[in-house]
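See structure below.
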Amino acid sequence: MIDENCIFCKIANGEIPSKTVYEDDDFRVILDLGPASKGHALILPKDHYNDLYELTDDLTGKAFILAKKISILLKKKLNCEGLNLVQNNGRTAGQTVFHFHIHIIPRYNDDQQKIGWKPQEVTQEELEDTLQKIFES
Ligand code: AMP
Ligand code: ZN
């Protein structure tokens with residue numbers, strides 16, 4: 001299941017060269033070409049899935065276990081002080097390449113990056129409303 005118009009399909013399957021950190025039958029892990037920090041890596045499945053909603057359970061499990069493995073490798077080799085996993089789904093959430101991927105972003109005390117959100121105020125009623133929506137049939 002490869003999408004001929006998808007750049008990450010081409011990279012994951014070796015049609016376009018990349019700086020590859022790791023490869024197995026299911027995934028290629030590459031260095032991001034617009035990195036947030038030194039060692040910013042992307043986990044790419046070799047098959048095409050637009051996003052997390054489409055990814056199979058099997059590959060979802062494997063992808064996050066691989067994210068842990070690569071995180072430990074980067075921490076050890078690059079001596080980062082912290083590390084973020086980021087996984088964007090949908091344009092609104094910042095997804096720009098519509099082939100599922102996990103960002104692994106090593107963090108350094110002086111990296112000047114900010115990955116996060118602005119906390120909003122919420123009332124107990126609003127939290128209750130959210131729960132109702134999640135649980136309603
Ligand atoms: P997202 O915004 O979550 O869809 O992330 C897409 C990421 O892919 C960005 O961090 C880009 O810098 C990165 N990217 C786009 N094209 C390439 C490429 N050809 N090789 C490596 N990384 C890429
Ligand atoms: Zn693809």
Side-chain angles (χ1 to χ4, degrees):
M1 287 188 308
I2 287 164
D3 179 338
E4 282 172 15
N5 299 313
C6 172
I7 185 164
F8 278 6
C9 278
K10 292 196 171 98
I11 292 173
N13 291 282
E15 268 182 63
I16 294 178
S18 61
K19 297 289 187 223
T20 295
V21 174
Y22 171 91
E23 184 184 3
D24 63 22
D25 287 348
D26 297 316
F27 299 96
R28 184 185 294 270
V29 182
I30 64 164
L31 293 180
D32 194 303
L33 276 185
S37 66
K38 187 177 181 66
H40 183 164
L42 299 172
I43 294 184
L44 312 178
K46 290 188 172 178
D47 281 339
H48 183 87
Y49 300 91
N50 280 316
D51 48 36
L52 182 64
Y53 314 121
E54 286 190 357
L55 195 66
T56 64
D57 285 358
D58 178 50
L59 285 176
T60 301
K62 287 178 175 168
F64 281 93
I65 288 171
L66 182 55
K68 176 184 173 182
K69 198 188 234 176
I70 301 296
S71 296
I72 290 169
L73 175 75
L74 296 180
K75 181 177 184 320
K76 189 167 158 206
K77 299 291 188 167
L78 300 179
N79 290 316
C80 54
E81 279 101 13
L83 186 143
N84 293 109
L85 291 187
V86 176
Q87 202 280 302
N88 299 325
N89 298 284
R91 223 174 284 283
T92 304
Q95 187 175 10
T96 58
V97 181
F98 292 84
H99 174 123
F100 172 88
H101 51 280
I102 302 174
H103 295 259
I104 304 177
I105 307 177
R107 300 300 306 277
Y108 306 92
N109 288 337
D110 60 354
D111 66 22
Q112 308 288 331
Q113 291 289 359
K114 200 160 167 41
I115 295 164
W117 56 90
K118 198 168 128 232
Q120 307 289 299
E121 295 206 351
V122 70
T123 63
Q124 288 301 312
E125 290 69 27
E126 285 166 332
L127 292 175
E128 264 314 319
D129 178 67
T130 305
L131 279 187
Q132 265 186 29
K133 289 202 160 67
I134 290 170
F135 290 128
E136 83 192 356
S137 44

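Residue numbers run from 1 in the order of the sequence given. Atoms within each ligand, like the ligands themselves, are counted from 1 in listed order. Heavy-atom basis, side chains included; hydrogens, waters and symmetry copies ignored. In this text, all values refer to a predicted model and were calculated from it rather than measured experimentally.
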Heavy atom of [X] under 4.0 Å from ligand 1?
X: Phe98; value: no
X: His103; value: yes
X: Leu42; value: yes
X: Ile11; value: yes

Is the shortest side-chain heavy-atom distance between Leu73 and Val21 below 4.5 Å?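 The answer is yes, as the side chains (C-beta and beyond) meet within the 4.5 Å cut-off.
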So is [X] polar-close to ligand 1, meaning N/O to N/O under 3.5 Å?
X: Leu33; result: yes
X: Val97; result: yes
X: Asp32; result: yes
X: Gly94; result: yes
X: Asn88; result: yes

His48 vs His99 aromatic rings, parallel, tilted or perpendicular, using cut-offs 30° and 60°?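 Ring orientation, 0 to 90° scale: perpendicular.
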Donor-acceptor pair, Glu54 side chain versus Phe100 backbone, under 3.5 Å?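 Such a contact is absent between Glu54 side chain and Phe100 backbone.
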Measure Phe100 to ligand 1 on non-hydrogen atoms and call it side chain, backbone, both or neither using the 4.0 Å cut-off.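 Neither part.
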Nearest protein heavy-atom contact for atom 1 (P) of ligand 1: which residue, which atom, what distance?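 Among all protein heavy atoms, the one nearest atom 1 (P) of ligand 1 is His101 NE2, 3.2 Å.
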Nearest neighbour in protein (non-hydrogen) for atom 17 (C) of ligand 1: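 Looking only at protein heavy atoms, the one closest to atom 17 (C) of ligand 1 is Phe8 CE1, 3.9 Å.
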